[in-house]
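What follows is one structure encoded as structure tokens, with my remarks underneath.
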Amino acid sequence: MKLDIAKIDLPVVEIVEEVRGALGEENTIIVNAPAGAGKSTVLPLALMKEEWLEGRKIIMLEPRRLAAKTIAMRMADLLGEKVGESVGYRIRFDNCVSEKTKIEVVTEGILTRMLQSDNAIENVGMVIFDEFHERSLFADVALALSRESQQVLRPDLRIMIMSATLNLPQLSSLLKAKVVQSQGRQFPVEIKYEGESDVRMLPELTARLVKKVMAKEEGDVLVFLPGEGEIRKCEAILRKTLNEIAVHPLYGQLPPSRQFAAIMPDKNGKRKVVLATSIAETSLTIEGIKVVVDCGFSRTMRFDPSSALSRLETIEITRDAADQRAGRAGRLAPGVCYRMWTKATQSRLKEHRTPEIQEADLASLVLDLAVWGISKPDSLIWLTPPPSGSVAQASDLLHQLEALEDGKITDLGKEIDKLPCHPRIAHMLLMAQEEGLAELATDIAAVMEERDPLERESGIDVNLRIEALRKSRKGLVSNKVLSRIEKVANQYRKMLGVKVDNGPVDPFETGLLLVYAYPERIAHAKPGNNAQFRMANGAVAAAGHKDDLAHEEWLAVAQVSMREGLGKIFMASPLNPRDLAPMVKEKEMVEWDTKKGGFKAERNLCIGHIILQSKPLHQCDEGQKVAAILKAIEKEGGWLLDWNKEVTQWQNRVLSLRKWNPEEGWPDVSKATLLGDAKEWLAPYLSQVKRPEDLKKIKLKEVLQHHLSYEKQQVLDELAPDRIQVPTGSKIVIQYHANGDVPVLSVRLQEIFGWQETPAVNKGKVSLLMHLLSPGFKPVQITGDLRSFWDNAYFEVKKELKARYPRHKWPDDPLVAEPNRK
DNA sequence: CTCTCCCT
């Protein structure tokens with residue numbers, strides 16, 4: 001093992017000594033090195049014999065399996081060894097390590113597993129996070145957990161974060177870590193802004209620009225589009241018009257041979273245009289690209305905690321992603337990048353891509369933390385904390401799956417966490433073992449975890465996929481997706497200790513198993529409907545009219561997308577209602593519906609929101625009724641109550657004081673907040689309510705006043721009085737604003753003769769804005785400074801008023817004149 | 001008209 005790092009011709013070699021020095025003193029550092037610097041191969045090798053390792057291993061994290069494997073091989077090569085000796089790798093389905101291994105390159109899920117089985121990762125001296133700027137969910141979790149381990153158990157554990165583009169100041173201040181900067185090996189790329197485009201016309205607009213670019217520039221062109229649909233359309237247009245040029249699509253779904261064709265130089269030496277998704281941003285590198293055309297959009301998956309569903313969205317790309325796309329033109333020589341947006345748009349774009357943790361399904365994360373004994377994620381240090389809505393949804397789901405109980409991990413939860421799949425699927429696998437259906441469950445699990453092996457036209461029946469998988473195992477059909485599914489199924493079979501089942505499938509068994517994974521998606525045909533189903537979670541979803549399953553009475557739905565209220569079912573199996581018996585619950589339902597005149601009370605047999613049988617309920621207790629009204633108010637808003645001007649005025653007075661005197665602790669009485677916690681203040685007044693009119697009769701202002709202490713009510717009247725007495729003795733309303741803006745006093749000018757100073761509230765600290773009115777209540781002047789008004793503007797105003805109201809008195813000296821009402 | 005990418 002002879003290796004002289006200094007002789008390697010890569011830019012990162014220049015920073016090796018600095019990194020060594022920093023890690024000798026600190027346990028955490030950040031290395032900022034752009035693509036092509038060689039950091040992933042050189043730095044682990046340079047550090048593998050440091051003293052502080054005390055003979056322990058270095059673990060390096062890679063976001064992709066292929067990268068993990070090739071980097072390990074390159075390092076072994078530099079040492080003149082075979083992979084698996086000093087340097088090894090571990091990825092799903094494949095590992096190559098031995099007792100001699102000192103550097104292990106692993107993919108991200110593997111490290112979470114390692115941390116899970118040994119919190120202190122005893123035999124690891126250093127964890128390296130490569131490509132950290134991608135901010136994958138696993139990398140964020142792994143960093144939070146290894147920091148925790150470092151702080152609590154292993155202060156000697158070194159953490160090195162490597163990243164190309166990143167929000168470095170934020171990261172280094174959070175981790176209190178030094179940043180070491182390296183040069184990259186990148187040629188300059190000239191950026192050209194091509195003006196506005198339109199997301200609905202991307203294929204056409206992009207094709208037009210590509211034609212222009214082909215005429216103007218030389219070399220191969222890489223075009224970024226959001227997805228397969230746009231790529232196919234653009235490809236069709238270009239094929240019609242560009243002769244002598246090879247047009248290649250490139251996206252994840254494409255069979256490997258066609259991906260390979262897109263990456264390699266053209267066989268006949270033709271110029272090449274590659275139409276790619278974001279796959280070409282990081283995962284695949286196409287050599288020889290001189291020109292990049294960037295449409296400015298990308299498609300990303302986003303999880304919606306309220307529906308527990310993920311959906312794809314087409315979004316504007318961020319500046320760091322745009323830079324990465326442009327960089328693809330400068331790998332071997334100077335290049336050009338055409339951006340389909342304006343310079344103005346560029347300055348408006350978000351700087352960094354949204355970390356996955358902010359928009360992903362967090363079920364696995366919350367379960368992982370629970371296994372560590374962490375019930376609230378905010379007790380860890382996060383670069384971006386997981387959003388509370390997603391954490392709450394994940395926690396609800398895990399309680400429903402009995403993986404958590406009162407926020408703590410259960411024995412079942414620990415078993416679920418050990419399986420390499422989503423907790424829903426893991427739950428299904430374990431329950432299937434009890435039902436004696438484990439063989440079928442492993443097939444379903446693999447089908448659900450991987451991409452759909454059939455065409456969309458095949459319909460929504462999961463059983464067709466399982467049949468296809470079983471046929472492929474018998475060698476009757478073969479396709480790339482099915483062989484991947486089989487690989488996953490095989491892993492599950494090994495973990496559960498079951499054999500292959502290639503027999504016929506009972507769809508009802510599939511349905512039953514799917515319910516273990518997706519209990520809230522049990523679906524019941526709506527009466528007299530067109531293939532529409534009510535799901536247990538309350539949503540309505542439809543199957544295609546011609547689908548084989550459209551006329552089933554019960555479905556176990558696995559995949560569904562929601563759009564504007566009506567869902568679309570993508571994957572389901574028929575369900576035998578007899579299997580549902582244990583899930584049917586008797587529930588008393590009391591609802592308030594103002595439009596229908598009040599209470600509706602029923603005793604129902606139901607599964608979630610699906611009602612199987614319903615009988616009227618003749619008596620129900622007060623608590624249920626009050627709860628029903630509160631729920632209606634929370635949902636429908638203030639119009640159910642008499643929310644009049646007086647109430648608003650009272651709210652605005654309190655809210656103004658809240659703004660002006662923050663130290664006095666005035667409550668937030670904004671309408672939104674009040675409606676949100678109506679239970680706190682309104683409930684005691686609801687017990688007598690029977691009809692909608694009764695609700696309107698509640699005197700809100702009085703109710704709310706009682707919410708303040710007597711003392712506070714006094715202070716309110718003193719500091720923010722409802723009315724103010726003017727020189728004539730009239731008591732005139734002061735108009736307050738919810739946001740604490742200066743209150744307004746609208747008063748006729750003749751009533752305030754003799755008033756020297758601008759009136760004020762809040763102990764004289766807030767002067768009123770005067771809206772001065774004519775005798776006919778028309779506005780004549782607005783002033784915040786009465787003294788200056790009398791001295792200056794009054795004389796102009798007087799002239800006008802004298803002409804319009806000659807019978808009124810308009811004195812020359814208003815400060816001593818008698819005020820009057822007439 | 002759902003179909004970006006990746007991972008245990």
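Every chain is numbered from 1, with letters handed out A, B, ... down the list of sequences.
- Counting non-hydrogen atoms under 4.0 angstrom, E449(A) reaches a base of the nucleic acid.
- In this structure, L419(A) and G252(A) both approach DNA chain B, and ranking their closest nucleotides by distance from the 5' end singles out G252(A).
- Look at CG on L250(A): it is 12 Å from C1' on dC5(B), rounded to the nearest Å.
- Residue T107(A) is in sugar-phosphate contact alone, with no base atom involved, counting any heavy-atom pair closer than 4.0 Å across all strands shown.
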Task: salt bridge (charged side-chain N to carboxylate O under 4.0 Å, His left out) assessment of R319(A) paired with D294(A) - done: CA-CA 12 Å; R319(A) 262 187 269 169; D294(A) 185 353; over 6 Å; no
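- Closest approach to the K233(A) side chain among dC3(B), dC1(B), dC6(B) is made by dC1(B) (side chain taken as heavy atoms from C-beta onward).
- By the 6.0 Å contact criterion, NZ on K57(A) is enclosed, its count of non-hydrogen atoms from other residues, nucleotides or ligands being greater than 12.
- In this structure, CZ of R113(A) is placed 15 Å from P of dC7(B), rounded to the nearest angstrom.
- R65(A) comes within contact range of the sugar-phosphate backbone alone, with a heavy-atom separation under 4.0 Å but no base atom that close.
- Contact annotation for E108(A): no contact, since no heavy-atom pair falls under 4.0 Å across all strands.
- One interatomic measurement links the two molecules: NZ of K568(A) to C1' of dC1(B), which rounds to 7 Å at whole-angstrom precision.
- One can place CZ of R302(A) at 17 Å from P of dT4(B), the figure rounded to the nearest angstrom.
- L137(A) comes within contact range of no nucleotide atom at all, as no heavy-atom separation falls under 4.0 Å.
- Side-chain proximity of I279(A) to the nucleotides dT8(B), dC3(B), dC6(B) is greatest for dC6(B).
- One N or O on the side chain of H399(A) and one on the backbone of S395(A) form a donor-acceptor pair closer than 3.5 Å.
- When rounded to the nearest whole Å, the span between CZ of R135(A) and P of dC5(B) equals 22 Å.
- Regarding L429(A), its CG atom lies at a distance of 13 Å from the C1' atom of dT8(B), rounded to whole Å.
- Listed nucleotides dT4(B), dC1(B), dT8(B) differ in distance to P420(A); the shortest reach to its side chain belongs to dT8(B).
- Side-chain contact check for M60(A) versus Y89(A): every heavy-atom pair is 4.5 Å or farther apart.
- Applying a 4.0 Å cut-off to non-hydrogen atoms, the residues of residues 309-322 of chain A that approach DNA chain B are L312(A), listed by residue number.
- The side chain of R92(A) has dT8(B) as its nearest neighbour among dT8(B), dT4(B), dC1(B).
- Side chains of Q324(A) and R353(A): a donor-acceptor N/O pair is present below 3.5 angstrom, by distance only.
- Among the heavy atoms of the strands lying under 4.0 Å from T277(A) are primed sugar atoms or P, OP1, OP2 only; no base atom is included.
- As a whole-Å value, the separation of H133(A) NE2 from dC6(B) C1' is 14 Å.
- Mapping Q559(A) and P63(A) onto DNA chain B via the closest heavy atom, the residue that lands nearer the 5' end is Q559(A).
- Atom CZ in R353(A) sits about 11 Å away from atom C1' in dC5(B), given to the nearest Å.
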Going by atom type alone, with no hydrogens or angles, which donor-acceptor pairs under 3.5 Å involve a side-chain atom of residues 363-370 of chain A and a protein atom two or more places apart or on another chain?
residue, atom, partner, partner atom, Å
D368(A), OD1, Q116(A), NE2, 3.3

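- We find that K568(A) and D547(A) are not joined by a salt bridge, their nearest charged nitrogen and carboxylate oxygen being 4.0 Å or further apart.
- Partner of S136(A) under the side-chain hydrogen bond (donor to acceptor under 3.5 Å, both in side chains) criterion, chosen from E108(A), E356(A), E131(A): E108(A).
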